[in-house]
Amino acid sequence: MRYTLLASIGLLFFTQTAVAANELKPFTSDGCSAFPDGTFEQNSLWLNCCVVHDLAYWQGGSYQQRKDADMALKICVAEVGEKQIANLMLAGVRVGGTPFLPTTFRWGYGWPYPRMYGELTLDEQNQVAEKLKQLPKNKAMFTTSNKAVLLRELLK
C-alpha cells in the first residue's frame, strides 16, 4: 500500500514534469540580442529582420530550418542596404544561436532547455499557432520582400 502510494505520487510528478517540459512559452524578442538594432543614424534599421529571426528561433525546429532562418536574416539585413553587417550577423547567429547552450537567444528558446534540433510534432505546431494567435493583431503583419520576411510594427 505504502509503495503504491509512493509510486502514484512519483508517476504524477513525472507526468506533470513531462507535460511542462513540452510547453511553449509566449513569444518574446530582444531585438538583435547582443548586436545593435541599427546604425547610429537609424537605430532600428534592421530591427524588424531580427524580430522575424527571433520568431523562428523561438519556435525552433530542424537544423535546416535554422539555416534557412539565418539566411533569411542575412538577406533581410542586406536588403536594407547593409551587406557587410548582414555577413557579420550571419556569422554571429551561426555561432551564438546554437541550441546546445542555455542562452535566451538559442535555437528553440521558447521551449524549456535543453531543446535540440528536430521537426516540431503536431502538438508543438499547434502550440506555436495558438501562441501566435495571442499576439496583438495589429502587430503581427507580415510582408515579404525578395525572399526575406519582415515583421512590421511588432515592437511599436
Inset, instruction - Taking the side chain as every heavy atom from C-beta outward, state whether Ser62 and Glu119 have any atom pair closer than 4.5 Å. - result: yes
Inset, instruction - Could you grab the distance from atom CG of Asn126 to atom CG of Leu24, nearest 0.5 Å is fine? - result: 11.5 Å
Please output the side-chain donor-acceptor pairs of residues 82-90 that fall under 3.5 Å, not counting sequence neighbours, one pair per line with the distance.
from, atom 1, to, atom 2, distance (Å)
Asn87, OD1, Lys74, NZ, 3.2
Asn87, ND2, Lys83, O, 3.4

Legend entry - Shortest non-hydrogen separation from Val77 to Cys49 and the atoms involved: N-SG, 3.7 Å
Inset, instruction - To the nearest 0.5 angstrom, please state how far the CG atom of Asp30 sits from the SG atom of Cys50. - result: 8.5 Å
Inset, instruction - Taking atom types as modelled, find out whether Arg106 and Tyr113 have a side-chain donor-acceptor pair closer than 3.5 angstrom. - result: no
Inset, instruction - List the steps and the verdict of side chain to side chain contact (heavy atoms under 4.5 Å, CB included) for Tyr109 and Thr104. - result: CA-CA 6 Å; Tyr109 71 83; Thr104 58; 5.9 Å; no
Inset, instruction - For the residue pair Arg94 and Lys67, establish whether any side-chain heavy-atom pair is separated by less than 4.5 Å. - result: yes
Legend entry - Spatial distance of atom CG (Leu73) from atom SG (Cys32) [nearest 0.5 Å]: 7.5 Å
Inset, instruction - Would you check if the side chain of Ser33 reaches a backbone N or O of Phe35 as a donor-acceptor pair within less than 3.5 Å? - result: no
Inset, instruction - Determine whether Tyr63 and Leu55 fall in the same hydrophobic cluster, where Ile, Leu, Val, Met, Phe, Trp and Tyr are linked whenever their side-chain heavy atoms lie under 4.5 Å apart. - result: yes
Legend entry - Pairwise side-chain contact, Tyr117 with Pro99, heavy-atom cut-off 4.5 Å (strictly under): yes
Inset, instruction - Would you mind reporting whether Trp111 and Glu124 have side-chain heavy atoms less than 4.5 Å apart? - result: yes
Inset, instruction - Indicate yes or no: at least one non-hydrogen side-chain atom of Tyr57 is less than 4.5 angstrom from one of Val93. - result: yes
Legend entry - Distance-only polar pair, side chains of Gln42 and Thr39, donor-acceptor under 3.5 Å: no
Inset, instruction - Supply the atom-to-atom distance Gln59 CD to Leu132 CG, rounded to the nearest 0.5 angstrom. - result: 6.5 Å
Inset, instruction - Treating Ile, Leu, Val, Met, Phe, Trp and Tyr as nodes and any side-chain heavy-atom pair under 4.5 angstrom as an edge, say whether Leu101 and Phe105 lie in one connected cluster. - result: no
Legend entry - Side chain proximity check, Trp58 to Val128, heavy atoms < 4.5 angstrom: yes
Inset, instruction - May I ask you to test the Trp107-Thr98 pair for a side-chain heavy-atom distance under 4.5 Å? - result: no
Inset, instruction - Return the minimal non-hydrogen interatomic distance between Arg66 and Val95, and the atom names on each side. - result: NH2-N, 4.4 Å
Legend entry - Side-chain heavy atoms of Lys131 within contact of Lys25, under 4.5 Å: no
Inset, instruction - Tell me yes or no: between the side chains of Asp123 and Gln127, is some donor less than 3.5 Å from an acceptor? - result: yes
